[in-house]
Amino acid sequence: MQNDFVMKNEILSQLSQEYPWADRFHYFPTIGSTNDVLKTLAKQGAPHGTVIAAGHQTNGHGRLGRSFQSPQGLGIYLSILLRPGCTPMELMHLTCVAAVAMCDAVEAATGFRPGIKWTNDLVHEKRKLGGILTELGLTPKGTVDYAIIGIGINCRQCREDFAPELRDMAASLSMVTGSPVSPARMAAAMMEALGRMDAGLLTEKEAILRRYRTDCITIGQDISLVRGDEIRYGHAVDVDENGALVVRFPDGSVEAVNSGEVSVRGMYGYA
Ligand code: BTN
């Protein structure tokens, strides 16, 4: 098992000279949740670009209050703090931008590009490889005080490392590529991609959403939309300029669905 210092330096040593925030990177072998700890640091004034990465989370969580399994040394769990100084409306596409950045990061680290299951899952052949949880904190005036993007990626699990109920729905990058994938290498690629993402966050929205639509496997699928106890069936036709899923329902009506409280399933399984 690598200790804190070795792992932190292994990640730092793989960052390029261009990476802007090497001075505000923290690594924890074990943590509750990188998002939760970073939120505390954000409220204490931590600067734009602060990153927390961990080798294990005891309380990793995802959208809609779900837990995110974060076993020791098998995945990478990483959150970044941004202070873009804008309104929440201008960040409606944040999860989509982060998802494209994470596809770029996986491709840079492994040569393999995953798909995106709307809105925030990295997938391959109906199996989840990772997920993204974005959270905003607002100022009293209602502008964005901080945005936190948390990402968990399964790097080197084998099938048996997943809980039995997840084995047909989850996979790791090592399983998909057939080669060992180092969490440190993955972390460095994620940080580089997040640095590039930040540079175009507010100025390259349209181009990034075009890339999102290319990576998104949900578009063109028959889906079920689950909101609490209600399930609706429809056909996903597009992702709009705010990152909402545009769905056509059997009666011909078309709605843009936001990710806040809805989960999407393919008609025949998870993705
Ligand atoms: C999801 O599957 O809905 C999103 C999962 C996001 C998990 C990551 S791991 C790093 C960060 N810390 C957390 O507690 N969650 C995110």
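Atoms within a ligand are numbered from 1 in the order they appear, just like the ligands themselves. Residue numbers start at 1 and run along the sequence shown. Quick note: numbers below take in every heavy atom, side chains included, and nothing from hydrogens, waters or symmetry partners. Bear in mind that the values here come from a model prediction, so they are computed numbers and not experimental data.
Counting heavy atoms under 4.0 Å from ligand 1, residue Leu78 touches it through the backbone alone. Only the side chain of Ser79 comes within 4.0 Å of ligand 1, counting heavy atoms alone; its backbone N, CA, C and O stay farther away. With a 4.0 Å cut-off on non-hydrogen atoms, Asn120 touches ligand 1 through its side chain and not its backbone.
Here the protein heavy atom with the shortest distance to atom 3 (O) of ligand 1 is Arg63 N, 2.9 Å. The single protein non-hydrogen atom nearest to atom 15 (N) of ligand 1 is His61 O, 2.7 Å, given as residue, atom name and distance. Regarding atom 2 (O) of ligand 1, its nearest protein heavy-atom neighbour is Lys128 NZ, 2.5 Å. Considering only non-hydrogen protein atoms, atom 11 (C) of ligand 1 sits nearest to Thr34 OG1, 3.2 Å.
Each of the atoms 1 (C), 3 (O), 4 (C), 5 (C) of ligand 1 lies under 4.0 Å from some heavy atom of Gly62. Numbered from 1 in the order shown, with element, the atoms of ligand 1 that lie under 4.0 Å from a heavy atom of Gly152 read 7 (C), 8 (C), 9 (S). The atoms of ligand 1 that sit less than 4.0 Å from any heavy atom of Ser33 are 12 (N), 13 (C), 14 (O). Listed by number with element, the atoms of ligand 1 under 4.0 angstrom from any heavy atom of Gly60 are 14 (O).
Using a 4.0 Å cut-off between a side-chain N of Lys or Arg and a carboxylate O of Asp or Glu, Asp104 and Arg196 do not qualify as a salt bridge. Under a 4.0 Å N-O distance rule, the pair Lys43/Asp145 does not qualify as a salt bridge. Between Lys39 and Glu135 there is a salt bridge, with a side-chain nitrogen of the basic residue lying less than 4.0 Å from a carboxylate oxygen of the acidic one.
Judged purely by distance below 3.5 Å, without hydrogens or angles, the side chains of Ser79 and Thr34 pair a donor atom with an acceptor atom.
Tyr27 is connected to Leu15 through a chain of hydrophobic side-chain contacts under 4.5 Å among Ile, Leu, Val, Met, Phe, Trp and Tyr, so both are in one cluster.
Rounding to the nearest 0.5 Å gives a distance of 8.5 Å between SG of Cys96 and NE2 of His93.
Using a non-hydrogen distance threshold of 4.0 Å, Gln57 registers as a contact of ligand 1.
When Ser263, Gly131, Ser70, Ser259 are ranked by how near their heavy atoms come to atom 6 (C) of ligand 1, first place goes to Gly131.
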Q: Apply the test side-chain hydrogen bond (donor to acceptor under 3.5 Å, both in side chains) to residues Asp198 and His48: give CA-CA distance (whole Å), side-chain angles for both, the deciding distance (0.1 Å), then the verdict.
A: CA-CA 10 Å; Asp198 176 62; His48 182 80; 3.1 Å; yes
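Counting non-hydrogen atoms of neighbouring residues, nucleotides and ligands closer than 6.0 angstrom, the CZ atom of Arg248 reaches no more than 12 such neighbours. Counted within 6.0 Å of CG on Asp229, heavy atoms from surrounding residues, nucleotides or ligands total 12 or fewer; the atom is thus considered open.
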